[in-house]
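These notes are about the structure you will find just below.
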Amino acid sequence: MLDPKLIRNEPEQVAKRLALRGYQLDINTLNNLEEQRKMLQVETENLQAERNKSSKSIGQAKAKGEDIQPLLDAVADLGGKLDDAKGQLDKVQDQMNDLLAGIPNIPDESVPAGKSEDDNVEISRWGNPRKFDFDVRDHVDLGEALNGMDFETGAKITGSRFVVMRDQIARMHRALIQYMLNTHIDEHGYREIYTPYIVNRDSLRGTGQLPKFEEDLFRLDVEQGYYLIPTAEVPVTNTLRDEIYDGELPLKYVCHTPCFRSEAGSYGRDVRGMIRQHQFEKVELVQFVKPEESDDALEALSGHAQNILQSLELPYRKVILCGGDIGFSAAKTYDLEVWLPSQNTYREISSCSNFRDFQARRMKARYRNSEGKPELLHTLNGSGLAVGRTLLSIIENYQQEDGSIEVPEALRPYMGGLEAITGS
RNA sequence: GGUGAGGUGGCCGAGCGGCUGAAGGCGCUCCCCUGCUAAGGGAGUAUACCCUUAUCCGGUAUCGAGGGUUCGAAUCCCUCCCUCACCGCCA
């Protein structure tokens, strides 16, 4: 959520910046509601003040044993007027909140203009895509040939976009999780955290998935209104919801969870293989920082994700998302895209964002600043990395002519010293 | 799932229809005293919003959440959520 005061004071500025991401701010409606709200709030509060005052005098009169009937008569119609004003105020406030909750974050100055992912701007590249002297195969062919990936059984058990993995492929998948966790904990200074995989509506509202993006989520058919998490961002960031945090900052968490996405609206996209599944593993980095430190923190956080790619020797590039492609809650996002030989292109493997105080305001996540006053934190997160996509990119980039997969050096200690996956 | 006890400020804890935004304690901040340390004395110490040139003053709301009763609710009633204890079931 944006700061209502900012919208009130500089609506033109805000509208201009939001236009960069293709969002049109309805200033007229906003002003109208704001004016009504102000009027109704003053009226309501005046009536409440009146009621409080007369109630108090009734109490005092009664204590002295005076006749209170005249006083009671005097306030007889107050209740009705108050209910009226309150009802109207609630209605206006609800409308206002709905509108505010639907406004996306303001893009940072550095975010380039653009409509779609085609307008994202490349910032850097690392590593050189390998030259193959044989026909490259994609991870589906390779994985199935090694009896490590089984999409048919996944479809039988559940449906499309689910996979079963076995043996050394499954082990490499698990090794990646351990490797990423350990690296972020031991070398990048993150604290490990384990959270629920099922969350309530308040949590999803806090990080911005609700109310606008319900269709991307798996909702459980229970009366509590629970959802499967689409990313660890939701439970981890919400650990500080409704808190005034008084520990050390920055607070950096790394968390491995499965992620569940309904992928509604992505029919026909990436239907083959493990690129886009309903269930996938991710190691997520989440940071809570002081406002003045969030810009630097985004550079550091994306660097931590890049370290994983580099140590696995996977070629990648870093892009900054343009206004049209950036997520609802983010002020600035870097995507890391790994090289996929079978597609002859770079594909997203990590997304690192600075949300500034947008999520914190929704969540009321605060800390005490140097003056001891509660102030909104800044939140950031990024994949470090998406495990399924890392696995498939290793399979493709490390494939050998005979269909075996070389195991990256960094992973060998996690796989009992294994140097290649041969499928036998 | 059953039974019982609870959910009050940064923390502990009193209040059980009006003078309670909330006693008392702890913690924290400032001041005083004390030749170190320890101890002692005093003052202050919630959040959000509205009004306002103003972090002055004033107003409103908030005692788990939402409803209700009442002129008036932290206090009474209803529903829900959560915590703890015991029982049952169970990875």
Side-chain angles (χ1 to χ4, degrees), chain A residues 1-10 30-101 194-206 210 220 222-227 235 238-249 251 258 288 357-377:
Chain A
M1 199 162 96
L2 293 177
D3 185 355
K5 281 188 190 132
L6 182 73
I7 299 177
R8 215 178 295 157
N9 296 337
E10 305 173 30
L30 222 47
N31 283 344
N32 262 331
L33 284 171
E34 173 61 17
E35 228 161 273
Q36 285 184 60
R37 194 219 91 227
K38 208 172 253 189
M39 219 182 63
L40 288 167
Q41 182 164 345
V42 171
E43 187 188 336
T44 306
E45 290 186 356
N46 284 342
L47 287 169
Q48 282 172 327
E50 203 179 319
R51 180 203 60 195
N52 289 346
K53 211 182 283 176
S54 34
S55 293
K56 202 168 253 186
S57 60
I58 291 173
Q60 284 162 352
K62 205 171 171 188
K64 285 186 219 153
E66 293 168 8
D67 179 18
I68 58 171
Q69 195 52 47
L71 291 167
L72 286 179
D73 294 342
V75 294
D77 64 332
L78 231 177
K81 275 201 272 187
L82 222 176
D83 286 347
D84 240 45
K86 223 175 188 166
Q88 285 183 59
L89 179 64
D90 284 349
K91 231 166 88 188
V92 169
Q93 251 160 358
D94 284 349
Q95 284 177 46
M96 193 89 174
N97 287 338
D98 285 352
L99 201 75
L100 287 174
Y194 171 89
T195 68
Y197 301 157
I198 293 172
V199 292
N200 57 34
R201 294 186 63 88
D202 284 343
S203 293
L204 288 158
R205 212 175 288 120
L210 289 179
L220 299 185
V222 294
E223 56 184 313
Q224 292 95 330
Y226 287 163
Y227 296 77
N238 274 280
T239 55
L240 289 194
R241 170 154 55 82
D242 295 320
E243 301 278 338
I244 299 175
Y245 174 75
D246 61 359
E248 292 276 303
L249 288 173
L251 178 60
F288 301 91
D357 61 11
F358 190 86
Q359 293 180 327
R361 185 170 291 106
R362 293 178 156 235
M363 290 192 303
K364 294 193 182 68
R366 294 169 296 174
Y367 77 110
R368 290 195 185 277
N369 63 21
S370 51
E371 282 152 23
K373 287 261 165 65
E375 187 176 335
L376 294 172
L377 285 158

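Below, read A as the first sequence line, B as the second, and so on, with proteins coming before strands; counting in each chain starts at 1. Model, not experiment: these values are computed from the prediction.
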In whole angstrom, give me the gap between the [atom1] atoms of [N] and [M].
{"N": "B:rG21", "M": "B:rU45", "atom1": "C1'", "answer": "14 Å"}
{"N": "B:rC36", "M": "B:rC26", "atom1": "C1'", "answer": "27 Å"}
{"N": "B:rC57", "M": "B:rU47", "atom1": "P", "answer": "15 Å"}
{"N": "B:rC32", "M": "B:rU37", "atom1": "P", "answer": "16 Å"}
{"N": "B:rU75", "M": "B:rU79", "atom1": "P", "answer": "16 Å"}
{"N": "B:rC81", "M": "B:rG72", "atom1": "P", "answer": "29 Å"}
{"N": "B:rC82", "M": "B:rU20", "atom1": "C1'", "answer": "26 Å"}
{"N": "B:rU52", "M": "B:rC63", "atom1": "C1'", "answer": "30 Å"}

- Query: Above 12 or not: heavy atoms from other molecules or residues under 6.0 Å from CD of A:Gln69?
  - Reply: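 Result for CD/A:Gln69: enclosed.
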- Do you know which two heavy atoms are closest between A:Gly225 and A:Arg201, and how far apart they sit?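 The pair with the smallest heavy-atom distance is O-CG, 3.7 Å.
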- Task: List the atom of A:Val92, the atom of A:Leu33, and the distance in Å for their closest heavy-atom pair.
- Result: CG1-O, 3.6 Å
- Query: How does protein reach along nucleotides 56-80 of chain B, written 5' to 3' as B (base within reach of a heavy atom under 4.0 Å), S (only sugar-phosphate), or - (no contact)?
  - Reply: ---BSS---------BS--------
- Message: If the condition is ring-ring contact (aromatic ring centres under 6.0 Å, His included), which residues does A:Phe358 pass it with, not counting sequence neighbours?
- Response: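 Applying ring-ring contact (aromatic ring centres under 6.0 Å, His included) to A:Phe358 gives A:Phe328.
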- So how far is it from A:Ile198 CD1 to A:Tyr227 OH, rounded to the nearest 0.5 Å?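 The OH atom of A:Tyr227 is 13.0 Å from CD1 of A:Ile198, to the nearest 0.5 Å.
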Whole angstrom value for the distance that separates [atom2] of [N] from [atom1] of [X]:
{"X": "A:Glu243", "N": "B:rG9", "atom1": "CD", "atom2": "P", "result": "13 Å"}
{"X": "A:Glu375", "N": "B:rU55", "atom1": "CD", "atom2": "P", "result": "16 Å"}
{"X": "A:Met39", "N": "B:rC49", "atom1": "CE", "atom2": "P", "result": "22 Å"}
{"X": "A:Glu34", "N": "B:rC49", "atom1": "CD", "atom2": "C1'", "result": "11 Å"}
{"X": "A:Lys5", "N": "B:rC51", "atom1": "NZ", "atom2": "P", "result": "10 Å"}

Can I get a per-line list of side-chain donor-acceptor pairs under 3.5 Å for residues 39-48 of chain A, giving both atom names and the distance, sequence neighbours left out?
{"from": "A:Gln41", "atom 1": "OE1", "to": "A:Arg37", "atom 2": "NE", "distance (Å)": "3.1"}
{"from": "A:Gln41", "atom 1": "OE1", "to": "A:Arg37", "atom 2": "NH2", "distance (Å)": "3.4"}
{"from": "A:Gln41", "atom 1": "NE2", "to": "A:Glu45", "atom 2": "OE2", "distance (Å)": "3.2"}
{"from": "A:Thr44", "atom 1": "OG1", "to": "A:Leu40", "atom 2": "O", "distance (Å)": "2.6"}
{"from": "A:Asn46", "atom 1": "ND2", "to": "A:Val42", "atom 2": "O", "distance (Å)": "3.4"}

- Any donor-acceptor pair under 3.5 Å from A:Asn238 side chain to A:Ser203 backbone: yes
- Sidechain-backbone polar pair: A:Arg205 side chain, A:Arg362 backbone, donor-acceptor under 3.5 Å: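 Checked: no pair found.
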- Hey, where does RNA chain B pair up into stems, meaning at least three consecutive Watson-Crick or G-U pairs with distances under 3.5 Å?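 Stem list for RNA chain B: B:1-7 with B:81-87, B:10-12 with B:24-26, B:27-32 with B:40-45, B:46-50 with B:58-62, B:64-68 with B:76-80.
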- Between A:Ser55 and A:Asn52, a side-chain donor and acceptor under 3.5 Å: no
- Task: Output the residues of residues 360-369 of chain A in contact with RNA chain B, where contact means a heavy atom of the residue under 4.0 Å from an atom of the strand; sort by number or write none.
- Result: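 The stretch gives A:Arg366 as the residues lying under 4.0 Å from the strand, ordered by number.
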- Who passes salt bridge (charged side-chain N to carboxylate O under 4.0 Å, His left out) against A:Arg361, sequence neighbours left out? A:Asp357
- Only one of A:Leu377, A:Leu376, A:Leu240 passes side-chain contact (heavy atoms from CB on, under 4.5 Å) with A:Arg366; say which it is.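 The option that passes is A:Leu376.
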- Go through A:Lys81 and A:Asp84 one step at a time and tell me if the salt bridge (charged side-chain N to carboxylate O under 4.0 Å, His left out) criterion holds. CA-CA 5 Å; A:Lys81 275 201 272 187; A:Asp84 240 45; over 6 Å; no
